[in-house]
Every structure is written in C-alpha cells, then in structure tokens.
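Quick note: residue numbers are just sequence positions, from 1.
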Amino acid sequence: MKVGPKALSALLVSTALAACLLGTVPLASAADPVGRAPVATDASDAAPHAGHAGHAVSGSVLASGDDPDGDGYIPANPPVTGVIPSHRTPPPRYFHEFQANCAVTHTAPVDPIVYPGQPGRSHDHTFMGNRSTDASSTTASLSGGATTCKVPGDPSAYWMPSLFNGDRKILPIGDQVIYYKAGVTDYTSVRPFPRGLRYVVGNPAQTREQFRAHPGWVEGWECGDSFRNIDFPQHCPAGTQLNIRMQAPSCWTGLHLDTPDHQSHMAYPVVKPGTNDNVCPASHPVALPMVEFKMAFPVDGDMSRVRLASGGAHSFHYDFFNAWHEPTLKAMVDHCIVGGLQCDARGYDQNHPEAGAALNADYQLP
C-alpha cells in the first residue's frame with residue numbers, strides 16, 4: 001500500500017491545527033520503586049521564566065536528533081498501514097486500564113518536542129518519569145534511562161507547565177497518576193505505542209472557551225467541593241489539593257511519530273453513528289492507549305495568586321514522549337487494556353486476583 005505521508009500529514013496538520021485554534025472540535029470529532037531521589041529544580045524556582053508566558057503548539061522546527069532534516073515530520077519505522085478501525089463491540093468490561101505512577105524529577109524552561117535543542121526557549125515545565133529529559137532529548141537518549149516511574153521499563157518523559165503560588169513554585173508530591181486506558185469501545189483492538197511517539201495535549205495559547213470545549217477536558221480544575229472549573233477556584237479548603245484531569249487523543253495515523261504541530265498525527269475517537277460506541281476515525285485508524293493525566297498540586301487557601309508558567313488556568317496542557325521498554329508496555333497493554341482489567345502499576349487488578357499480574361514485585365517482567 002503506497003502512501004504519500006508528507007502530503008497526507010500536511011493536510012492533517014492544517015485541518016487539526018485550525019480546529020484546535022478555533023475551538024471548534026467537539027468531543028466526537030476526528031480532528032482533534034518507591035524510594036525516589038530528591039527532586040532537582042533549576043534557578044527558575046523563584047518565579048516564572050521571564051518572557052515565556054506561552055508558546056505556539058507548532059513551536060520551532062529545527063533539525064534535531066530524531067528529525068535530521070528539520071521538517072517537523074518524524075516517520076514511523078515501519079509505518080502501520082492497512083488498518084481498518086474496529087467497529088466490533090466486545091463483551092462489556094467497565095474497566096480496561098492501568099496506571100503509570102511517576103514522581104516529579106525536575107523543572108526547566110525546556111520542551112524537547114516543541115523546541116528541540118533550544119534550552120530556555122520554552123516557559124517553565126515540571127517533568128516526571130525520565131530523569132534525563134532536557135531540550136535535546138531523543139528517543140535514543142530516553143530509552144533505557146533512569147526513571148521515577150514505579151516501572152523501571154517506563155523511562156518515558158511526561159511534562160506540563162509549572163504551577164506557581166505567587167513567586168513560589170508548587171510541585172506535585174509523590175507518585176502522580178497517569179492512566180493508560182482504552183479510548184475506543186473495542187478495547188481488544190488497542191495496541192502499544194510505537195517507540196518514539198510524542199505529542200502535545202492542549203495548547204498554551206487556547207482561550208477559556210477552547211479549554212472547556214477541548215475533547216480531553218474531563219472535569220477541569222477541582223478542589224474540595226468545587227468541580228468543573230475553567231479558572232482556578234477562588235479558595236481551596238485547608239488540607240485539600242488542586243487537581244486536574246485531562247485525556248489525550250488515542251487514535252494514530254500510523255505514519256508519523258510526530259508532525260510539525262505535534263498533534264495532527266493523533267485524533268480523539270468519534271462516536272459511531274446510531275450507537276454509543278467510540279471508534280477511531282478512518283484518517284487515524286490505529287487504536288493506542290488513551291493517556292490521562294490526573295495531577296494533584298499541594299496548594300490550598302487563597303488561590304488568587306496561583307498561575308501556570310504558561311499563563312492562566314485555561315492554558316494547561318501537557319506533553320508525552322514514549323520511551324517504554326517495548327515488551328514491558330506490550331505486557332501491560334495486553335493484560336490490562338485488552339484483558340479488560342483495572343490494573344495498578346504492576347498490572348494487577350485487586351478485583352480479579354485470579355488474573356494475576358503482568359509484572360513481578362519489582363515491577364519488571366517475570
């Protein structure tokens with residue numbers, strides 16, 4: 001099957017980026033081990049990095065380790081072609097997911113997806129997972145690296161804009177919950193991420209309305225009894241934390257690990273007409289795990305001075321750069337997602353102990 005990948009992706013880029021920026025993409029649209037080392041932070045702890053209140057999703061396309069010609073397209077090798085989105089409805093299972101529990105590693109004004117090889121160009125980000133993530137990170141540099149995730153086989157890089165209360169940077173404490181779920185009704189059709197896949201979820205330049213209408217918006221900002229907030233709540237009860245959940249697109253074209261806008265090679269599932277089933281669109285037929293960030297920031301009381309390095313509360317977004325050990329990720333996806341289980345980071349479902357676990361007590365393959 002011959003495909004003109006750059007020509008196809010150029011069309012996808014323009015369509016998806018326009019939809020994202022205009023805020024017209026509905027939910028059902030195709031266009032859119034314990035014992036951690038201390039957290040290391042950089043000199044920007046005192047205040048948001050000056051001059052970097054936000055950046056365009058498309059960022060800066062320059063030659064980098066994974067994109068030597070600097071055109072923004074990173075081809076999948078091999079590409080996945082000939083896939084038809086599954087419309088099958090398997091036996092219902094309420095859960096088909098597992099957790100990646102990862103702690104904060106460091107903060108820095110870098111973004112190896114949007115601004116590869118350009119330290120200081122981005123607003124400040126809070127990183128989880130791979131300890132080595134920097135502006136020049138590549139698939140090769142991340143793979144096999146040290147990680148704060150419970151599973152040693154997950155040296156992927158996860159990051160989001162840093163959160164501040166006044167001039168004080170607020171870092172999530174302990175393991176944060178990153179779900180890997182089935183985004184489509186046929187959870188048996190979900191396959192592992194290709195090595196090196198990366199994308200950006202959301203847009204730091206999005207408006208309040210675009211943030212609320214984003215397909216990955218779950219319940220907005222929360223604390224105490226205040227839910228579904230576009231802006232930060234005015235006050236959070238003592239002892240509570242500021243939380244947010246946001247879901248990533250889970251359907252892939254099969255052609256590229258990244259595109260110039262860092263989004264259009266991915267899409268959210270769509271609703272099959274006449275049903276309540278979610279399926280991948282024909283343009284993005286490959287079903288991958290749906291990543292969901294569930295972040296908790298230890299801040300309470302008066303929230304009037306709380307802000308993100310990227311801007312207001314509605315500028316929240318996050319990045320994912322896959323560097324999983326491929327056999328480990330496959331074991332987790334097959335056991336938990338395809339198997340219809342609600343798994344912890346070992347791939348164990350306490351409600352179905354008879355199913356066993358995908359990983360051993362050291363969070364490694366048996």
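Between R191 and V80, some side-chain heavy-atom pair lies under the 4.5 Å cut-off. In this structure the side chain of R131 reaches within 4.5 angstrom of the side chain of T148, judged on heavy atoms. Using a 4.5 Å cut-off on side-chain heavy atoms (C-beta onward), V201 and P249 make contact. Contact annotation: the side chain of L197 approaches that of L288 to within less than 4.5 Å [non-hydrogen atoms, C-beta and beyond]. Using a 4.5 Å heavy-atom threshold, the side chains of P269 and S250 count as touching.
In terms of the salt bridge (charged side-chain N to carboxylate O under 4.0 Å, His left out) criterion, residue partners of R208 (sequence neighbours excluded) are, by chain and number, D231.
Across every non-hydrogen atom of T126 and P172, the tightest pair is CG2-CD, 4.4 Å. When all heavy atoms are compared, the tightest approach of A182 to I337 is CB-CG2, 3.9 Å. Nearest heavy atoms, P194 versus W252: CG-CH2, 3.5 Å. Taking each heavy atom of P204 and H123 in turn, the nearest pair found is CB-CE1, 4.0 Å. Nearest heavy-atom pair, S141 versus S136, reported as atom, atom and distance to 0.1 Å: OG-O, 4.5 Å. In plain terms, the two heavy atoms of D154 and C102 that are nearest each other are OD2-SG, 4.1 Å.
Of the possible polar contacts, one joining the D66 side chain to the T139 backbone as a donor-acceptor pair under 3.5 Å is found. Of the possible polar contacts, one joining the Q263 side chain to the V200 backbone as a donor-acceptor pair under 3.5 Å is found. Checked by atom type and distance alone, the side chain of S315 pairs as donor or acceptor with a backbone atom of G312 at under 3.5 Å. Distance alone, capped at 3.5 Å, places no donor-acceptor pair between the S122 side chain and the P109 backbone. Between the Q247 side chain and the P215 main chain, no donor and acceptor come within less than 3.5 Å of each other. Counting only distance, with no hydrogens or angles, the side chain of D349 and the backbone of Q342 share a donor-acceptor pair below 3.5 Å. R307 places a side-chain N or O within 3.5 Å of a backbone atom of G166 that can act as its donor or acceptor partner. Counting only distance, with no hydrogens or angles, the side chain of Q241 and the backbone of E222 share no donor-acceptor pair below 3.5 Å.
Residue pairs meeting the salt bridge (charged side-chain N to carboxylate O under 4.0 Å, His left out) criterion with at least one partner in residues 84-101, sequence neighbours excluded, are R88-D186. Applying the ring pair (Phe, Tyr, Trp, His ring centres under 6.0 Å) rule to pairs touching residues 165-189 yields H96-Y187, F98-Y180, Y180-F193, Y180-W324, sequence neighbours excluded. Sorted by first and then second residue, the disulfide (SG to SG under 2.5 Å) pairs with a member in residues 282-341 read C336-C343; sequence neighbours excluded. Pairs passing the ring pair (Phe, Tyr, Trp, His ring centres under 6.0 Å) check and including a residue from residues 127-158, sequence neighbours excluded, read H106-F127, F127-W159, Y158-F320.
The distance from atom OG1 of T107 to atom CG of D124, rounded to the nearest 0.5 Å, is 4.5 Å. The SG atom of C149 lies 8.5 Å from the CG atom of D175; values are rounded to the nearest 0.5 Å. Interatomic distance, NE2 of H284 versus CG of L255, reported as 9.0 Å (0.5 Å rounding). In this structure, the separation between CZ on R346 and CG on D362 is 9.0 Å, given to the nearest 0.5 Å. Here I178 contributes atom CD1 and K294 contributes atom NZ; the two are 13.0 Å apart, rounded to the nearest 0.5 Å.
No single ILVMFWY cluster, assembled from side-chain heavy atoms under 4.5 Å apart, contains both V184 and V218.
Checked by atom type, the side-chain pair N130/S132 shows a donor-acceptor distance below 3.5 Å.
When F211, W221, W217 are each tested for a ring pair (Phe, Tyr, Trp, His ring centres under 6.0 Å) with F316, only one passes: W221.
Grouped with Y94 in one hydrophobic cluster are F95, the linkage being side-chain heavy-atom contacts under 4.5 Å among Ile, Leu, Val, Met, Phe, Trp and Tyr residues.
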**OP:** Test ring pair (Phe, Tyr, Trp, His ring centres under 6.0 Å) on H214 and Y268 and set out the steps.
**Re:** CA-CA 10 Å; H214 192 276; Y268 286 87; 5.8 Å; yes
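Atom CG of N276 is surrounded by 12 or fewer heavy atoms from other residues, nucleotides or ligands within 6.0 Å.
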